[in-house]
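All remarks here apply to the structure that follows.
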Amino acid sequence: MIWRADYFGVQAKELHERERKIKAERGKILDRNGKILAGNRSVSTISVIHSQIKEPEKVIRLLSRELQLDEETLRKKVEKVSSREKVKSNVDKETSDRIRDYKLAGVTVDEDYKREYQYDSLASKVLGFTGSDNQGIIGLEVTYESYLKGMDGSILTMTTANGTEIENGAEDRIEPVGGWTLNTSLDLTMMEYADQVADTLMEKKKAKSVEIIIMNPNNGEIYAMVGAPEFNLNDPYTLPQGMGALSAQEKNKQLNAMWRNECVSDTYEPGSTFKILTTAAALETGVVTMSDRFHCPGYKMVEDRRIRCHKTTGHGSETFLEGIMNSCNPVFMEVGARVGVSNFYKELTKFGALQKTGIDVPGEAVTIMHKQKNVGAVELATISFGQSFQMSPIRLITCAASIINGGKSITPHFGVSAVSADGSCMRKFKYEGGDEVVSKKTSDLVREALGKVVSEGTGKNAGVEGYTVGAKTGTSQKLPRGNGKYIASTIGFAPVENPQVIALVRIDEPQGLYYGGTVAAPAISTLYSNILPYLLESK
């Protein structure tokens with residue numbers, strides 16, 4: 001023992017010390033105005049130490065009553081020979097204080113924290129939630145886990161050889177370090193407006209889902225993202241009523257579906273909203289001007305396919321600008337043919353349409369597009385007006401934002417900065433952007449044309465009195481064709497001359513009227529009637 005004193009000294013220390021963790025407080029998540037979206041509530045973890053229990057029956061009786069656990073379950077834990085057996089976590093402060101006051105030998109009450117979401121279901125699919133170990137499961141809670149989680153502390157207590165704590169024995173304490181506060185671009189006021197619009201659409205149109213994204217088109221900061229129906233962040237494992245008895249496997253499947261962020265993880269045929277990109281590609285390649293004339297008889301023959309316009313009687317003679325305002329498919333098929341496959345794909349790549357956006361939440365879907373070598377005249381025609389391929393809502397609105405913001409690329413994001421618990425350190429998050437997507441001339445022309453869509457064309461229902469709004473509506477039929485299921489959508493921005501906000505509304509399987517200009521455009525109008533006074537007049 002003398003020759004190996006160092007070794008046996010460590011062994012003796014380990015035998016006579018017991019470590020207890022002190023949980024670190026998880027960092028808060030704040031909106032852009034400093035309002036708490038995700039915070040913490042003080043709770044406790046109750047444990048038993050077998051070797052220190054003097055009155056096992058009393059411990060079982062009192063803990064059973066206070067924690068509402070059956071005595072048989074508690075007995076197994078109390079009689080289990082282990083250094084420490086956890087009985088229950090997330091115990092509220094009032095209950096844990098009563099247990100502490102009993103001064104039961106062998107029962108420990110350790111301070112802990114439970115994640116608390118101040119607004120229940122608001123932005124549930126964006127914020128995400130934490131598990132029983134307070135670790136992020138989905139959303140921003142996962143992406144920024146390394147900042148939010150903090151570092152646990154510990155208490156080292158002296159014990160006898162049989163594991164009993166020595167009364168008044170020396171105690172080493174390492175204090176926990178709280179997690180960093182995450183400042184986000186989310187705006188509570190705009191989130192609540194968007195949530196109200198989505199809930200109204202769900203109720204009135206009996207839709208399968210409603211997605212809304214509100215974003216700053218100049219820097220990619222996302223003010224609101226809704227995926228109705230949302231779920232309660234404070235009770236994330238409870239499925240909606242009416243699902244009946246489910247197997248464990250089926251329940252997990254339903255939970256994953258409930259938690260899925262459709263704005264980011266789902267793809268769909270964008271329909272006529274994609275004409276924003278076709279217009280930009282045509283103007284960039286110089287194959288058309290706004291005054292070029294076209295003729296729409298109500299359809300266009302492409303090889304052996306007769307592809308119709310939404311106005312079956314045709315629009316007759318019209319300029320390209322009028323074709324945009326009328327959302328005329330034959331005009332866009334002709335324009336797409338002029339651009340050609342090679343140049344079209346080159347422009348789509350420049351817009352970023354074929355790549356992920358790099359948004360800072362997990363699960364982003366990639367655009368599902370034809371391989372360039374497989375694109376013939378028919379495929380090019382359908383791509384030009386937004387069908388036969390799929391992209392995510394966040395990808396589409398990001399492309400549109402880059403085209404109307406003066407032509408600069410952006411990365412959509414929520415995270416703005418993180419601040420350490422003591423306020424001594426801050427990290428501002430940086431995102432890629434600033435590359436030229438289209439020229440300023442093209443951006444100006446597209447913006448003005450989309451303003452005309454609202455003032456004189458198919459997007460009239462998106463207008464807001466006292467403000468200039470630009471928009472493009474879209475209606476796409478879900479696969480398989482002819483099933484009677486549609487997606488109605490509208491992308492709108494304001495003001496037209498200097499866009500400060502852009503929004504996308506997507507309604508999946510609306511019942512009754514299903515055209516984007518009829519059901520989604522009014523939602524843009526309702527949103528902006530509230531948002532524009534709040535956003536623009538507060539600056």
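Since we're looking at a predicted model, the values are computed, not measured. Computed over heavy atoms, backbone and side chain alike; hydrogens, waters and symmetry mates excluded.
Within the structure, every pair that satisfies the salt bridge (charged side-chain N to carboxylate O under 4.0 Å, His left out) test and touches residues 49-62, not counting sequence neighbours, is listed here: Glu57-Arg75. Listed by first and then second residue, the salt bridge (charged side-chain N to carboxylate O under 4.0 Å, His left out) pairs that reach into residues 177-204 are Arg32-Asp187, sequence neighbours excluded.
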What side-chain donor-acceptor pairs closer than 3.5 Å can you find for residues 410-417, not counting sequence neighbours?
residue: Thr411; atom: OG1; partner: Glu432; partner atom: O; Å: 2.7
residue: His413; atom: ND1; partner: Thr411; partner atom: O; Å: 2.8
residue: Ser417; atom: OG; partner: Asn183; partner atom: ND2; Å: 3.0

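The cationic group of Arg41 does not satisfy the cation-pi geometry with Tyr113, failing either the under 6.0 Å distance to the six-membered ring centre or the 45° limit from the ring axis.
Residues satisfying the ring-ring contact (aromatic ring centres under 6.0 Å, His included) criterion with Tyr102, sequence neighbours excluded, are absent altogether. Remark: Tyr237 pairs with Phe129, Trp259 by the ring-ring contact (aromatic ring centres under 6.0 Å, His included) rule, at least two apart or across chains. With sequence neighbours excluded, no residue forms a ring-ring contact (aromatic ring centres under 6.0 Å, His included) with Tyr528.
For Ser121 (side chain) and Ser124 (main-chain N/O), no donor-acceptor pair under 3.5 Å exists by modelled atom type. Counting only distance, with no hydrogens or angles, the side chain of Ser420 and the backbone of Cys425 share a donor-acceptor pair below 3.5 Å.
Under the 3.5 Å distance criterion, with hydrogens and angles disregarded, no donor-acceptor pair is assigned to the side chains of Glu94 and Ser96. For the 3.5 Å distance criterion, the side chains of Tyr144 and Asp360 qualify, holding a donor opposite an acceptor. Thr45 and Asp112 form a side-chain donor-acceptor contact under 3.5 Å, judged by distance and modelled atom types alone.
No option in Leu348, Leu354, Thr349 other than Leu348 meets the side-chain contact (heavy atoms from CB on, under 4.5 Å) test with Phe351.
Here Tyr223 and Tyr534 keep their ring centres 6.0 angstrom or further from each other.
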